[in-house]
Amino acid sequence: MRPKTAGSSCDSSRAAAEWKHGPATRTGDTSRRDGPEPRREHDVENDGTPRPHFVVQIHDARRLHFDFRLEVDGVLKSWAVPRGPSENPSDRRLAVPTEDHALEYREFEGVIPRGESGSGTVIVWDQGTYRPLGHDGQGDSVPFSESLALGHATFWLYGSKLHGEFALTRIQKGDEPDSGGHEAWLLIKANDRLAVRDRPGSPDPYHARSARTGRTLHQVAAAASRGSGD
């Protein structure tokens, strides 16, 4: 497949802007909850420092895909993963960088109307926090943004569905010959005790349920249609 870059149907930049600057206006967006979500044991480091968030959204746009997003330096760094993250270490999932999104966008679940960038139904398939694992030769921690800039970042996910160590590895730079200006990465599960080996590592996106509301893509779309009177 041809990689998609920022501004393609993999992105929802206008939705992200609305979440950043004001209340959500997306049709059928009923996933936001009043008050803060309860803090889990894995949401903080041993010293009490909050861990950064991650989210995986299923986006039924022009081409259905998963959006894998990690909180880095105040924004959500984002990759479109056509076949979705896998908990099976033998799966090497293509991950194509897309534009950064506002942190608030990790809560978005609803329908982006036709005619807008990234139009289609979105559910929050997984959410949680993560712990960067990168170290230098002396064993000191490396900032996660630096690991990404170098093209290889390892991290531990504390999600409701994804667990354990994963890695993002850049396999193509945008300035390489024949790259067409597009970067390409691989998202791979480490062969740890939380990996799966005897079943598919990714969900069927049409039957997958939201980690926030328990709804499927179809149910979110149907609720939006009823709400708009279509």
Open item on the list: Given 3.5 Å as the limit, does a donor-acceptor pair link the side chain of His152 with the main chain of Leu148, or not?
Closed with: no
Task: Pair Ser86, Asn88: side-chain N/O donor-acceptor within cut-off below 3.5 Å - done: no
- [ ] Anything under 30° is parallel, anything over 60° is perpendicular, the rest tilted; go ahead and classify Trp79 against Phe68.
- [x] tilted
Open item on the list: Between Glu71 and Arg106, does any NZ, NE, NH1 or NH2 come within less than 4.0 Å of an OD or OE carboxylate oxygen?
Closed with: no
Task: Donor on one side chain, acceptor on other, Arg69 and Gln57, under 3.5 Å - done: yes
Task: Qualifying residues under side-chain contact (heavy atoms from CB on, under 4.5 Å), relative to Ser147, sequence neighbours excluded - done: Val142, Ala153
Open item on the list: According to ring-ring contact (aromatic ring centres under 6.0 Å, His included), does anything in residues 189-223 pair up with another residue at least two apart or in another chain? List the pairs.
Closed with: none
TODO: Could you tell me which residues satisfy side-chain contact (heavy atoms from CB on, under 4.5 Å) with His135, sequence neighbours excluded, listed by chain and number?
DONE: Ser141
Task: Trace of the side chain to side chain contact (heavy atoms under 4.5 Å, CB included) decision for Gln127 with Glu107 - done: CA-CA 9 Å; Gln127 61 183 357; Glu107 299 179 358; over 6 Å; no
TODO: Only counting residues at least two apart or in another chain, list the ones meeting ring-ring contact (aromatic ring centres under 6.0 Å, His included) with Phe144.
DONE: Tyr130, Phe155
Task: Geometric class of the Tyr158/Trp156 ring pair [parallel <30°, tilted 30-60°, perpendicular >60°] - done: tilted
Open item on the list: In this structure, would Leu186 and Leu168 fall into the same cluster of hydrophobic residues linked by side-chain contacts under 4.5 Å?
Closed with: no
Task: Side chain to side chain, Val196 and Lys189, heavy atoms closer than 4.5 Å - done: no
TODO: Kindly write out the residues that satisfy side-chain contact (heavy atoms from CB on, under 4.5 Å) with Ala190, not counting sequence neighbours, or none if the list is empty.
DONE: Glu165, Asp192
Open item on the list: My understanding is that only residues two or more places apart in sequence, or in another chain, count here; which of them pass salt bridge (Lys or Arg N to Asp or Glu O under 4.0 Å) with Asp60?
Closed with: none
